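As the structure is a prediction and not an experimental result, all values here were calculated from the model.
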Amino acid sequence: MIHRNSITQLAAGLRAKKFSSVELVRAYLQRIEAGQAVLNAFISVTASQALEAAAAADRDIAAGRGGPLAGVPIGHKDLFCTAGVRTTCGSRMLDNFVSPYDATVVAKLKAAGAVTLGKLNMDEFAMGSSNETSYFGPVRNPWNTDFVPGGSSGGSAAAVAARLIPGATATDTGGSIRQPAALCGITGMKPTYGRVSRYGMIAFASSLDQGGVLATSAADAALMLREMAGFDPNDSTSVNTPVPDYVAALDAPLAGMKIGLIKEFLDEGLDRENERRIRDALAVLERLGASVREVSLPNLPLSVPVYYVVAPAECSSNLARYDGVRFGHRCKDPRDLQDLYRRSRGEGFGAEVKRRVMTGTYVLSAGYYDAYYLKAQRVRQLITADFKRAFAEVDVLVGPTSPTPAFRIGAKTADPITMYLNDIYTIGANLAGLPALSVPCGFVAGLPVGLQVVGPHFAEARILNVAHRYQLETDWHQKSPERFA
Amino acid sequence: MTTAQWETVIGLEIHAQLATRSKIFSGASTAYGAPPNAQASLIDLGFPGVLPVLNAEAVRMAVRFGLAIGARIARHSVFARKNYFYPDLPKGYQISQYELPVVAQGSLDVVLDDGSTKRVGITRAHLEEDAGKSLHEGLGGLTGVDLNRAGTPLIEIVSEPDLRSAKEAVAYMKKVHTLVRYLEICDGNMQEGSFRCDANVSVRPKGSTTLGTRAEIKNVNSFRYVEKAIQYEAARQIELIESGGKVVQETRLYDADKGETRSMRTKEEANDYRYFPDPDLLPLAIDEAFIEQVRADLPELPDEKAGRFSSQYGLSPYDAGVLTASRELADYYEEVVRAVPREPKLAANWVMGELAAALNKESLEVGSGKMPAGQLAGLITRIADQTISGKIAKEVFEAMWAGGEGADAIIESKGLKQITDTGAIERAIEEVMAKNPGQLAEYRAGKDKLFGFFVGQVMKATQGKANPAQLNELLKKKLPG
């Protein structure tokens with residue numbers, strides 16, 4: 001039952017030599033082997049490298065060395081570049097791509113002693129809310145394998161929820177950490193834009209992408225984030241402010257904390273049962289001494305249209321480098337340059353990626369730029385200003401993470417708009433660059449739902465503190481799918 | 001209408017590679033001539049996940065240029081992506097500046113052939129990265145891509161459409177070339193593509209104030225080609241209009257072998273570059289302190305230096321302009337003058353005359369090591385102290401150039417010392433008079449022109465060594481009899 005342990009417990013157990021990293025990694029590799037056939041959470045499992053790294057971690061621990069995560073197994077979303085291990089981004093385009101370098105996040109976690117067991121499935125180029133756009137097939141929700149795990153970090157979320165790994169890296173551009181966390185019943189943390197380096201994290205929409213954590217508790221998320229965060233001279237958008245000790249700040253009492261419930265999130269799209277779970281969670285926070293009031297962010301409902309202009313615009317440019325010339329998929333026997341471009345990209349990208357590249361190309365085109373891109377950027381400023389006003393009144397904002405629990409595989413693939421509305425409550429934090437997390441707060445029809453907590457810029461410690469105090473009072477985060485007990 | 005009734009309107013976009021050691025967004029070297037792709041980092045190759053980090057030195061150089069042309073330095077400028085597909089553009093976009101460039105609204109004064117000065121407006125100068133190179137030769141019909149140049153910093157200097165002839169355009173381009181080299185921000189090497197230009201050319205009836213439809217001639221990399229390409233293009237447009245045609249807005253290529261421009265693509269076929277601010281780079285913020293630091297560091301600029309040469313050395317504006325055309329030439333001249341402080345004009349004549357011609361003949365640059373300033377000064381000293389005449393000096397110069405010896409050694413060994421002994425000159429005059437009684441009689445009968453004949457004969461008799469002034473004086477005394 002070693003997999004019932006949190007990362008915090010595993011790290012302590014390793015240091016106390018209750019078990020070795022090699023034993024731990026073997027145990028998790030066995031779970032992965034069994035779980036993979038059902039969930040398809042991994043794109044690559046790197047067993048032999050993991051065992052080597054585990055042995056090295058054991059030596060470090062024996063010698064009294066080793067970082068805070070020494071010997072702890074984790075997985076990386078398959079868009080973090082890993083030297084010598086293929087990094088596919090869930091796409092045929094990068095099916096054959098082996099990165100020559102480690103992403104900063106990968107290097108930092110390695111330096112902290114974490115052992116990588118593999119690369120996790122995801123929506124192609126992180127574009128999707130259900131993990132159904134992956135070239136490597138859909139990931140299944142461990143709570144009910146006919147259902148999606150959410151996306152785009154669906155592999156990371158499903159693997160952690162099924163305890164195939166205790167924690168994983170993930171990325172969040174419009175909700176890709178928080179929404180799958182909610183749908184899989186785990187804790188997902190998206191930091192402030194600029195808090196975690198984007199270097200080596202394959203770009204989808206550069207002004208929105210942010211790396212973060214999926215784990216089973218806020219305490220574990222705090223521990224992993226502390227090791228991942230920090231200024232990186234290789235990323236001009238990373239911010240040079242010190243990283244506080246998120247773990248040390250977890251236990252602060254919530255007495256006197258002002259919590260704002262985002263009024264606009266209680267809309268007709270929100271499942272009523274889901275709303276009840278949120279209100280239950282707020283009652284718990286009030287019991288802990290926090291005060292809750294409704295706060296209005298009038299421009300927030302514009303988040304989805306703004307996002308679906310800005311993100312595709314950036315993606316259309318970011319994905320131009322996949323041209324079959326230097327790396328990635330290249331069509332067979334190109335006749336000429338145009339043919340090389342057309343077929344390499346036509347064959348390499350899936351339908352959702354193509355839709356967004358085309359949308360993005362359109363909104364940046366001469367004659368449309370002002371009406372779409374520029375206007376979207378203006379509305380983005382308004383949304384950011386709404387948040388700023390709200391944080392003048394309250395310490396954190398809360399609301400549901402997603403409108404509904406997980407849906408059946410295939411249920412929304414025919415209608416992209418319905419699919420896009422899954423992210424209606426999460427996109428705002430990306431547009432404003434704010435830290436936000438999702439914690440499990442109950443079940444609707446047997447499937448987990450999440451409470452979202454959003455904080456002001458660089459208030460990671462505060463929202464982790466709220467989440468941790470909530471988890472000390474509840475046990476939703478300790479529930480795991482029976483099949484993977 | 002005839003050609004004389006048309007006015008050509010030209011604006012130049014000059015691309016100057018900045019002389020930074022590393023690239024604008026990566027740490028790779030910018031040195032020229034490495035084996036293909038040896039200087040392409042993962043960032044230059046546009047690998048998945050990599051990000052650009054701005055080279056501060058490139059910014060400093062752009063600001064240096066902006067201050068030198070009296071421009072406005074933007075406190076806040078923005079990098080934008082220019083999106084298009086091409087194999088030598090690894091990311092599928094070029095990082096450039098679009099709506100908010102780092103340098104705006106400057107100008108340069110250009111001296112034209114007729115000695116007049118023209119102020120040419122510089123709309124903007126922005127920072128951007130260079131693309132790589134596509135190689136088509138020797139690859140069996142395939143195209144090779146060399147990304148060593150990809151990511152080399154450039155400033156693109158965009159002039160107003162203020163230029164009215166090919167010659168003006170070249171004069172302006174040379175001025176910019178001089179300036180970037182003075183500022184040590186660009187090596188100016190046109191063969192290696194460090195300094196190249198696009199010319200926007202249109203024509204209109206003289207007196208018209210609206211602009212005609214322009215053609216853009218791309219990537220011309222020599223002063224001569226710029227002149228020829230503009231001349232050709234203006235003539236082509238005039239002929240086209242006069243024969244009832246219409247100029248179409250298009251991009252044209254100059255074919256130096258054929259001496260003509262031809263269409264690359266029309267406006268309709270042009271790329272829509274879909275510019276938007278690059279989300280990987282923060283807006284570039286430049287503060288007052290940085291600007292003042294760069295300003296304090298500026299060298300004496302060409303116009304300032306030319307002004308000083310005129311007043312300090314009594315040179316004509318033209319001579320001062322020629323001598324300050326490059327910092328190396330100006331420094332050389334001043335080194336000569338320091339050794340012969342009483343002869344700045346004589347020094348100027350020698351530097352611009354014999355020395356320039358000799359260097360030019362062997363395609364050498366001043367400061368190449370041949371004829372150091374001290375040597376030339378040695379020669380000028382001997383002219384000034386009348387040891388040799390100007391004419392003999394040319395012979396001495398040639399010997400110095402050929403053999404590398406100093407002036408004094410050559411004068412000594414060849415016995416070229418000027419004759420200043422009045423007795424000796426008189427004797428020579430008397431001999432010449434005796435040998436040429438006919439000419440002497442004609443001269444005395446009033447044919448004054450023959451004076452020159454006697455000068456020549458005496459010079460010949462003395463192997464050119466007679467002091468010319470003394471000779472004149474003595475002849476005037478002796479010839480009338």
Side-chain angles (χ1 to χ4, degrees), chain A residues 79-81 87 89 93-94 97 99-104 125 194 197-203 205-209 232-238 310 313-314 316-328 336-338 340-341 345 360-369 373-374 377, chain B residues 24-27 37 40-56 78-95 98-99 132 134 136 141-145 147 150 267-268 270-285:
Chain A
L79 55 55
F80 286 98
C81 286
T87 300
C89 227
M93 183 58 88
L94 293 177
F97 177 68
S99 170
Y101 74 106
D102 274 336
T104 300
F125 280 96
S197 169
R198 291 188 297 116
Y199 189 76
M201 201 178 99
I202 297 178
S206 313
S207 76
L208 301 159
D209 294 344
D232 179 3
N234 288 324
D235 175 1
S236 309
T237 62
S238 93
V310 173
E314 293 180 10
S316 71
S317 177
N318 282 334
L319 270 57
R321 68 189 61 200
Y322 307 105
D323 57 6
V325 175
R326 297 166 313 286
F327 45 74
D336 55 26
L337 185 59
Q338 285 304 315
L340 170 71
Y341 285 158
R345 289 170 68 80
T361 303
Y362 180 82
V363 301
L364 289 176
S365 294
Y368 299 100
Y369 180 86
Y373 184 78
L374 213 56
Q377 290 294 7
Chain B
I24 184 166
F25 298 120
S26 85
N37 298 310
S41 72
L42 294 178
I43 290 166
D44 307 320
L45 289 163
F47 257 60
V50 298
L51 295 169
V53 176
L54 180 60
N55 181 340
V78 171
F79 286 97
R81 294 184 182 178
K82 179 179 180 179
N83 295 283
Y84 64 96
F85 282 96
Y86 207 68
D88 61 23
L89 187 73
K91 297 186 294 300
Y93 58 83
Q94 178 194 27
I95 304 177
Y98 187 54
E99 283 178 333
S134 294
H136 304 286
L142 297 174
T143 296
V145 178
L147 296 174
K267 190 186 173 190
E268 283 69 34
N271 281 311
D272 176 354
Y273 291 121
R274 291 170 285 121
Y275 280 100
F276 74 105
D278 191 334
D280 286 335
L281 291 160
L282 300 175
L284 172 59

Output yes when a side-chain donor or acceptor of [X] lies under 3.5 Å from a complementary backbone atom of [Y], and no otherwise.
{"X": "A:Thr237", "Y": "B:Leu281", "result": "no"}
{"X": "B:Asp272", "Y": "A:Ala366", "result": "yes"}
{"X": "A:Arg321", "Y": "B:Gly92", "result": "no"}

So which residue, [options], ends up with the most heavy-atom pairs under 4.5 Å with chain B?
{"options": "A:Gly200, A:Ala203, A:Ser316", "value": "A:Gly200"}
{"options": "A:Cys81, A:Ser317, A:Ala320, A:Ser206", "value": "A:Ser317"}
{"options": "A:Pro100, A:Ser99, A:Ala103, A:Ala205", "value": "A:Pro100"}

**Message:** Once rounded to the nearest 0.5 Å, what's the spacing between atom CG of A:Asp235 and atom CG of B:Asp280?
**Reply:** 7.5 Å
For [X] versus [Y], what's the shortest heavy-atom pair and its separation?
{"X": "A:Tyr322", "Y": "B:Pro48", "answer": "OH-CB, 3.6 Å"}
{"X": "B:Arg81", "Y": "A:Glu314", "answer": "NH1-O, 4.2 Å"}
{"X": "A:Tyr101", "Y": "B:Leu42", "answer": "CD2-CD1, 3.6 Å"}
{"X": "A:Asn318", "Y": "B:Tyr93", "answer": "OD1-OH, 4.4 Å"}

**B:Ser134: partners by side chain to side chain contact (heavy atoms under 4.5 Å, CB included), with sequence neighbours left out** =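 Per chain and number, B:Ser134 pairs via side chain to side chain contact (heavy atoms under 4.5 Å, CB included) with B:Tyr86, B:Asp88, B:His136, B:Thr143.
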**Message:** So, using side chain to side chain contact (heavy atoms under 4.5 Å, CB included) as the criterion, who are the partners of A:Asp323 when residues are at least two apart?
**Reply:**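 If we apply the side chain to side chain contact (heavy atoms under 4.5 Å, CB included) test to A:Asp323, skipping adjacent residues, the hits are A:Val325, A:Arg326, A:Tyr341.
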**Request:** Against chain A, work out which of B:Leu89, B:Val53, B:Leu147 has the most heavy-atom pairs shorter than 4.5 Å and name it.
**Result:**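 Most heavy-atom pairs within the cutoff with chain A belong to B:Val53.
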**Prompt:** Near B:Phe85 CZ, under 6.0 Å, is it more than 12 heavy atoms from other residues, nucleotides or ligands?
**Reply:**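 Enclosed.
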Can you tell me which portion of [X] sits under 4.5 Å from chain B's heavy atoms? Options are side chain, backbone, both or neither.
{"X": "A:Thr87", "answer": "neither"}
{"X": "A:Phe80", "answer": "neither"}
{"X": "A:Leu337", "answer": "side chain"}

**Request:** Flag the pair A:Tyr373 / B:Pro277 as yes when at least one side-chain heavy-atom distance between them is below 4.5 Å, and no otherwise.
**Result:** yes
**Prompt:** Which of parallel (below 30°), tilted (30 to 60°) and perpendicular (above 60°) describes A:Phe97 and B:Phe47?
**Reply:** tilted
**Asked** Are B:Arg274 and A:Tyr369 close enough that a side-chain donor and a side-chain acceptor fall under 3.5 Å?
**Response** no
